[in-house]
Amino acid sequence: MAFKNALKMIISKFGLMWVILLYLLITGVLVVSLSLPFAVPLVRTFEEAGIGKLIAEFFTSFTSGGGVNAWFDKFYAVILAVKNSILTDKIAAFNTGALVFFMFIFAYRFILGLYEIPLVTVLEGAMSSDARIGFTGRYVSRIGKSCKFVLVKMIYTVLFDFVIFFALYRMFDLFSVPVLKFFAPFIIMAAVLVMLGIRYTLIAMWAPDVVLRERGIFKAFGFSVKCAFKHFGSVFSTFLFAWTLIIAVNMLVGLFTFGAGLILTVPLSLLFVNVLNMTVYYGKNGRRYYTDSATVVTPPIVEEEK
């Protein structure tokens, strides 16, 4: 039900996709500008190691008809080349890489994450009372809470993403096992989907609870985890299916439009995840909500978690 209603809301709130796209562009320009002086030496080092050529071969493999195994082989070659380049290069280059990593992982993650609380506030107005609320005004008025929320959320997301990255890095060793090499792409993608499903299940109701009940950030996180475990089967299934769809759509659109279509599907995916968080929150807490100006969803009445 939450998934179906989220799809309906995407249609009625499609205009928010352009707001997110503009925000992504501004954020991207800002972070790239800040990190460019440090990134140039690292890019030069990677280019000398032939990593640029390997990346080009990876993207070419999508249209060469080599199949999924060929894609993963090329991707694994890129990972190994980056690893060997960092380990064998000078300490200065490694330090530069670490600085660029910090800029992109932390600075970009922080600046990008500031959109979530104001977007959820806009969605809350639309879902609770069919009100039209401006994103920019809420972004400015809630910047303080957004900063606190993003800084705390990064503790969870960075640690969880590190676990995902490490697990995937180790699973690429399956390609070196002759018996498992054929099944490696399936195993890796299945693991990605399961880990993403768990990651988003646990925090699905975090931002909505901060906005709707003005709860403290840590208390809202505890509420989200508690409620997620209480309804784990349905919430996890929802996000597992959602991320399967998101990855499939973005890969297909990126492939057949040579990446141009991602300009639309990436912000649309971000919007969809936030709308899905809201429909899950409203549904699991028995709150009525609008999917559009003419349709009101009435979930079964439940005792709201404290």
Side-chain angles (χ1 to χ4, degrees), residues 3-4 6-33 35-36 39 43 46-47 50-79 81-82 100 104-105 108-109 111-113 115-116 119 123 135 161 164-165 168 172 184-186 188-193 195-197 199-200 238-277:
F3 185 88
K4 181 181 70 174
L7 289 177
K8 291 180 179 178
M9 284 193 62
I10 283 291
I11 297 174
S12 63
K13 304 302 175 188
F14 189 81
L16 288 172
M17 187 272 292
W18 301 109
V19 174
I20 297 176
L21 174 59
L22 179 60
Y23 186 76
L24 287 176
L25 293 174
I26 295 173
T27 302
V29 170
L30 178 60
V31 175
V32 169
S33 299
S35 60
L36 192 59
V43 171
F46 286 168
E47 187 64 31
I51 295 174
K53 181 179 178 181
L54 290 174
I55 293 175
E57 291 177 355
F58 167 67
F59 284 105
T60 302
S61 67
F62 282 96
T63 57
S64 63
V68 176
N69 282 314
W71 304 346
F72 277 87
D73 283 338
K74 297 294 184 182
F75 184 64
Y76 189 42
V78 173
I79 292 178
V82 171
V100 173
F104 275 98
I105 298 301
Y108 185 74
R109 193 183 286 255
I111 297 173
L112 173 62
Y115 86 96
E116 186 171 359
L119 177 62
L123 292 174
F135 176 85
D161 290 347
I164 292 176
F165 176 81
L168 292 179
F172 269 98
F186 171 81
I188 292 172
M189 284 306 303
V192 168
L193 292 172
M195 288 187 287
L196 284 174
R199 181 191 189 277
Y200 282 87
T238 297
F239 281 97
L240 180 64
F241 189 76
W243 275 101
T244 301
L245 180 64
I246 289 171
I247 292 174
V249 169
N250 280 279
M251 288 185 65
L252 288 173
V253 171
L255 174 63
F256 290 108
T257 65
F258 300 98
L262 295 177
I263 295 175
L264 298 179
T265 58
V266 169
L268 190 60
S269 299
L270 290 176
L271 176 61
F272 178 65
V273 169
N274 281 277
V275 171
L276 189 57
N277 288 343

Notebook entry, point to check: Do the non-hydrogen side-chain atoms of Ile164 and Val192 ever get within less than 4.5 Å of each other?
Noted result: no

Check: Can you tell if the side chain of Trp18 reaches within under 4.5 Å of the side chain of Leu271, non-hydrogen atoms only?
Finding: no

Expected list for residues 6-13: side-chain donor-acceptor pairs under 3.5 angstrom, two or more places apart:
{"from": "Ser12", "atom 1": "OG", "to": "Met9", "atom 2": "O", "distance (Å)": "3.0"}
{"from": "Ser12", "atom 1": "OG", "to": "Thr291", "atom 2": "O", "distance (Å)": "2.8"}

Next item on the list: Please identify each residue that fulfils side-chain contact (heavy atoms from CB on, under 4.5 Å) with Ala191, with sequence neighbours left out.
Entry: Met171, Met195

Next item on the list: Applying side-chain contact (heavy atoms from CB on, under 4.5 Å), name anything that partners Phe241, two or more places apart in sequence or on another chain.
Entry: Phe3

Return all side-chain donor-acceptor pairs below 3.5 angstrom for residues 249-257, not counting sequence neighbours, or 'none' if the list is empty.
{"from": "Asn250", "atom 1": "OD1", "to": "Thr265", "atom 2": "OG1", "distance (Å)": "2.8"}
{"from": "Asn250", "atom 1": "ND2", "to": "Ile246", "atom 2": "O", "distance (Å)": "2.7"}
{"from": "Asn250", "atom 1": "ND2", "to": "Ser269", "atom 2": "OG", "distance (Å)": "3.0"}
{"from": "Thr257", "atom 1": "OG1", "to": "Val253", "atom 2": "O", "distance (Å)": "2.5"}
{"from": "Thr257", "atom 1": "OG1", "to": "Gly261", "atom 2": "N", "distance (Å)": "2.8"}

With a cut-off of 3.5 Å and sequence neighbours excluded, list every side-chain donor-acceptor pair involving residues 20-27.
{"from": "Tyr23", "atom 1": "OH", "to": "Ile111", "atom 2": "O", "distance (Å)": "2.4"}
{"from": "Tyr23", "atom 1": "OH", "to": "Tyr139", "atom 2": "OH", "distance (Å)": "3.1"}
{"from": "Thr27", "atom 1": "OG1", "to": "Tyr23", "atom 2": "O", "distance (Å)": "2.7"}

Rounded distance [0.5 Å steps], [atom1] in [X] versus [atom2] in [Y]:
X      : Y      : atom1 : atom2 : result
Leu270 : Leu112 : CG    : CG    : 6.5 Å
Leu123 : Phe135 : CG    : CZ    : 10.0 Å
Met17  : Leu264 : CE    : CG    : 5.0 Å
Asp161 : Leu196 : CG    : CG    : 8.5 Å
Thr238 : Leu276 : OG1   : CG    : 6.5 Å

Next item on the list: Kindly write out the residues that satisfy side-chain hydrogen bond (donor to acceptor under 3.5 Å, both in side chains) with Tyr200, not counting sequence neighbours, or none if the list is empty.
Entry: none

